[in-house]
Structure formats: C-alpha cells, structure tokens
Student: 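Pasting a structure here, questions to come.
Reminder, nothing fancy here: chain letters follow the sequence lines and each chain counts from 1.
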2 protein chains.
Amino acid sequence: MRKPRTSSIQKTAPVFAALGDPTRLRLVAALCAGGALSIAQLTTGTAVTRQAVTKHLTVLADAGLVRDIRQGRERLWELEPSRLDEARRSLDAIAAQWDQALQRLKSFVEK
Amino acid sequence: MRKPRTSSIQKTAPVFAALGDPTRLRLVAALCAGGALSIAQLTTGTAVTRQAVTKHLTVLADAGLVRDIRQGRERLWELEPSRLDEARRSLDAIAAQWDQALQRLKSFVEK
DNA sequence: GATACATGCAACCATTGGGTTGCATATTAC
DNA sequence: GTAATATGCAACCCAATGGTTGCATGTATC
C-alpha cells in the first residue's frame with residue numbers, strides 16, 4: 001500500500017465540503033437509514049423548502065455521494081455505494097495520518 | 001456504546017466544513033507532518049498570500065482543529081490533539097454508519 | 001537606535017452558498 | 001378531462017467566503 005501523498009488527500013476536499021453542511025449531513029443520514037427516498041419525503045419534517053433540499057441533493061450528487069433514479073413522477077435519491085466507499089477509505093486514510101500525528105504529539109509531551 | 005443519533009452526527013458538520021477546502025486541507029497535512037509551524041513557514045510554497053493563510057488558520061482554529069502558540073515574534077500553529085481525536089472518532093462513526101448502508105445496498109442487489 | 005522580519009488590522013472585492021418565491025411542466029388518480 | 005401530486009426552472013436576496021492590498025505594530029538583530 002502506497003503512503004498517501006498530500007495531493008491525493010486534497011482530492012477529498014470536495015467530499016468534505018459536501019458534508020460540511022448540517023442539512024446535507026442530515027440528508028445523507030436519512031438516506032443511510034431510509035434507502036431510496038423522494039425529494040418530497042426528504043423535505044417533510046425539515047425547516048427548509050423543497051427547492052433548498054433539491055439544491056443540497058445536487059451538491060451531494062456533484063460530490064458523487066448520492067445518485068438519483070427517476071420513477072414515474074418521482075425522483076428517488078439514494079447513496080452512491082462506490083463513491084461512498086471511496087470517501088470512507090479517504091476518511092480512514094486521514095484518520096490514520098492523524099493518528100500518527102497524535103502519537104507523535106503524545107510522545108513529545110511525555111518526553 | 002450508544003447508537004449515534006442524527007443530531008450528534010450533525011455536530012461534525014463544522015469540522016467537515018473546515019476541511020472542505022484544499023488550502024486548509026493542505027495546511028492540516030503540513031501540520032500533521034511538520035509539527036508546529038509559523039505562518040510564514042506555512043505560506044512559503046503556496047500560491048496564496050500570508051493573509052489568506054492566516055484566515056484559513058483561524059477557520060481551522062474555530063473548528064477546534066488547530067491551536068496557536070506565541071513564541072517571540074512568531075506565532076506557531078499546531079494540531080489540536082483532543083479535538084482532532086474527537087473528529088477522528090466522528091469520522092469512524094460515520095464510516096461505520098456508511099458501512100451499514102453499503103452492506104444493506106449490497107445485500108439488496110444480491111437478493 | 002535603525003533595520004529587517006513576522007505578524008496584525010482593516011478595507012475592499014468578486015464569487016459562492018443557502019435560501020426563498022413564483023410559475024411552468026410532467027405524471028398519476030378520479 | 002380535471003384535479004391533485006411531484007418536480008423543474010428561473011429570478012432574486014443576503015450573508016459568508018476566499019482572496020487581495022496597504023499600512024501599522026511588535027520583536028529581534030547589529
């Protein structure tokens with residue numbers, strides 16, 4: 001396994017940016033739990049408008065985190081498994097990198 | 001261990017937002033590798049201004065990811081271990097949640 | 001004390017972002 | 001066909017963001 005270079009880690013910025021909003025994070029959580037959901041379903045119980053939800057969904061889609069499937073007059077949204085898995089791996093990589101830094105900091109304090 | 005509720009996961013949004021910028025991600029990576037660095041050090045080799053770097057550092061600081069220590073005429077920046085560890089755990093939690101969703105999606109396909 | 005270095009502060013600018021409202025269009029359901 | 005539902009499109013608004021430049025201030029250094 002190749003040590004992650006800075007440049008590759010930087011490619012995760014868009015994913016982080018997409019997740020860096022409470023509303024979008026809520027949408028992802030809902031899709032995690034609820035499978036494929038329509039815009040209307042994702043809107044009910046929210047403080048924001050349907051249009052706002054739509055916008056957030058397109059942002060998530062641009063980051064490759066979700067995908068839409070047309071079904072009749074509905075537009076269902078679901079998680080994008082491959083990209084989500086990729087993002088998950090990025091998180092793991094960063095977590096590992098942080099772990100190293102934390103180790104280093106800790107050993108420095110104890111020195 | 002208590003199952004993560006949506007509300008608790010949403011608290012990680014600011015951290016994601018802070019990391020959702022290539023420049024800031026680069027700064028975090030630099031601090032991961034380089035320990036405590038001055039603003040000037042963090043600026044050299046960058047396309048942006050020293051002021052821009054300063055702004056990004058305050059954003060990271062607001063998210064609790066970095067901390068500054070004054071040393072003479074320099075202002076050194078380093079990772080905030082506790083908060084970083086907390087963020088790391090959040091990432092792990094989300095990753096676990098995603099794993100569940102991925103499992104569910106996969107088993108659905110194979111059904 | 002004068003000079004160089006590291007940073008702070010403030011104003012300013014253009015773009016993006018999150019959100020809304022209003023109206024048009026497709027797709028069921030009756 | 002008509003009514004109801006689900007969504008699309010576009011314009012608009014305001015606040016936040018990422019960035020700059022110019023100048024002031026603190027701190028070493030000689």
Side-chain angles (χ1 to χ4, degrees), chain A residues 6-7 9-31 34-78, chain B residues 6-7 9-31 34-78:
Chain A
T6 302
S7 58
I9 273 196
Q10 275 197 293
K11 286 197 297 187
T12 69
V15 177
F16 278 131
L19 295 174
D21 176 273
T23 305
R24 285 197 290 271
L25 219 42
R26 203 195 55 86
L27 289 175
V28 170
L31 293 178
L37 298 173
S38 73
I39 300 178
Q41 286 174 313
L42 287 168
T43 303
T44 51
T46 316
V48 296
T49 321
R50 174 179 56 87
Q51 320 288 1
V53 171
T54 300
K55 281 196 181 180
H56 283 299
L57 285 171
T58 64
V59 171
L60 288 171
D62 285 346
L65 291 172
V66 300
R67 159 210 328 179
D68 71 303
I69 28 181
R70 318 301 295 250
Q71 194 169 57
R73 67 179 158 182
E74 286 186 324
R75 187 177 178 186
L76 301 180
W77 291 85
E78 64 179 10
Chain B
T6 302
S7 59
I9 272 195
Q10 275 196 293
K11 286 196 298 185
T12 69
V15 176
F16 277 131
L19 295 175
D21 176 274
T23 304
R24 285 196 290 269
L25 218 43
R26 202 194 56 87
L27 289 174
V28 171
L31 293 179
L37 298 173
S38 73
I39 300 178
Q41 285 174 315
L42 287 168
T43 303
T44 51
T46 315
V48 297
T49 322
R50 173 179 57 87
Q51 320 289 1
V53 172
T54 301
K55 281 195 181 181
H56 282 300
L57 285 170
T58 64
V59 171
L60 288 171
D62 285 345
L65 290 173
V66 300
R67 158 209 331 177
D68 71 304
I69 27 181
R70 319 300 295 250
Q71 195 170 57
R73 66 180 158 182
E74 286 187 326
R75 188 178 177 186
L76 301 179
W77 290 86
E78 65 179 8

Student: Can you sort out the partners of B:Q41 under side-chain contact (heavy atoms from CB on, under 4.5 Å), two or more places apart, ordered by chain and number?
Tutor: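 Only B:L37, B:S38 meet the side-chain contact (heavy atoms from CB on, under 4.5 Å) criterion with B:Q41.
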Student: What pair of heavy atoms forms the shortest contact from B:A36 to B:L76, and how long is it?
Tutor: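 What the structure gives for the nearest pair is CB-CB, 4.2 Å.
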Student: For the pair made of CH2 in A:W77 and C1' in D:dG8, what is the distance, rounded to whole Å?
Tutor: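 A:W77 atom CH2 is separated from D:dG8 atom C1' by 12 Å.
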Student: Please name all residues satisfying side-chain contact (heavy atoms from CB on, under 4.5 Å) with A:T43, sequence neighbours left out, ordered by chain then number.
Tutor: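 side-chain contact (heavy atoms from CB on, under 4.5 Å) check on A:T43 returns A:I39, A:R50, A:V53.
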Student: With a 4.0 angstrom cut-off to heavy atoms of chain A, pull out the first and last contacting nucleotide of DNA chain C, in 5'-to-3' order.
Tutor: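 Contact span on the strand: C:dG18 to C:dT28.
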Student: For B:A17, which residues count as a side-chain contact (heavy atoms from CB on, under 4.5 Å) partner, sequence neighbours excluded?
Tutor: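 If we apply the side-chain contact (heavy atoms from CB on, under 4.5 Å) test to B:A17, skipping adjacent residues, there are no hits.
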Student: Compute the angle between the rotation axes at the two ends of the helix from C:dG1-D:dC30 to C:dC30-D:dG1, each taken over five pairs, rounded to 10 degrees.
Tutor: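 Taking the rotation axis at each end, their angle is 30°.
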Student: Any side-chain hydrogen bond (donor to acceptor under 3.5 Å, both in side chains) involving residues 52-62 of chain A? Give me the pairs, sequence neighbours left out, ordered by first then second residue.
Tutor: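 Non-adjacent pairs meeting side-chain hydrogen bond (donor to acceptor under 3.5 Å, both in side chains): A:R24-A:H56.
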Student: For the pair made of NZ in B:K55 and C1' in D:dA16, what is the distance, rounded to whole Å?
Tutor: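 In whole Å, D:dA16 C1' lies 11 Å from B:K55 NZ.
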Student: For each nucleotide in nucleotides 25-30 of chain D, reading 5' to 3', give B when a protein heavy atom comes within less than 4.0 Å of its base, S when such contact involves only the sugar-phosphate, and - otherwise.
Tutor: --BS--
Student: With rounding to the nearest 0.5 angstrom, report the CG to CG distance, B:L31 to B:L60.
Tutor: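 Going from CG on B:L31 over to CG on B:L60, the span is 8.0 Å.
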Student: Quick check on D:dG19: is either OP1 or OP2 less than 4.0 Å from any side-chain nitrogen or oxygen of B:H56?
Tutor: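 Yes, B:H56 has a side-chain N/O under 4.0 Å of OP1/OP2 on D:dG19.
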Student: Where along residues 37-52 of chain A does a heavy atom come under 4.0 Å from DNA chain C, residue by residue in number order?
Tutor: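 Heavy-atom contacts with DNA chain C come from A:A47, A:V48, A:T49, A:Q51, A:A52.
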Student: Looking only at non-hydrogen atoms, find the nearest pair between B:P14 and B:A63 and report the distance.
Tutor: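 That closest heavy-atom pairing would be O-CB, 4.2 Å.
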Student: Quickly work out the B:L19 CG to D:dG18 P distance and round it to whole Å.
Tutor: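 Answer to the nearest Å: 12 Å.
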Student: Who are the side-chain hydrogen bond (donor to acceptor under 3.5 Å, both in side chains) partners of B:T49, not counting sequence neighbours?
Tutor: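 Checked B:T49 against side-chain hydrogen bond (donor to acceptor under 3.5 Å, both in side chains); zero matches.
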Student: Could you state the CG-C1' distance from A:L76 to D:dT7, rounded to the nearest angstrom?
Tutor: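 Rounded to whole Å, this separation is 12 Å.
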Student: Minimum heavy-atom separation for B:A13 and A:P22, please, with both atom names.
Tutor: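 Closest approach of B:A13 to A:P22, heavy atoms only: CB-N, 3.8 Å.
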Student: Rounded to the nearest 0.5 Å, what separates atom OG1 in A:T12 from atom CG in B:L25?
Tutor: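 Between atom OG1 of A:T12 and atom CG of B:L25 there are 4.5 Å.
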Student: I need the B:L19 CG to A:L19 CG distance, nearest 0.5 Å.
Tutor: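 With rounding to 0.5 Å, CG (B:L19) is 10.5 Å from CG (A:L19).
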Student: Tell me every residue that passes side-chain contact (heavy atoms from CB on, under 4.5 Å) with A:D68, counting only those two or more places apart in sequence or in another chain.
Tutor: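 For A:D68 the side-chain contact (heavy atoms from CB on, under 4.5 Å) partners, ignoring immediate neighbours, are A:R70, A:R75, A:W77.
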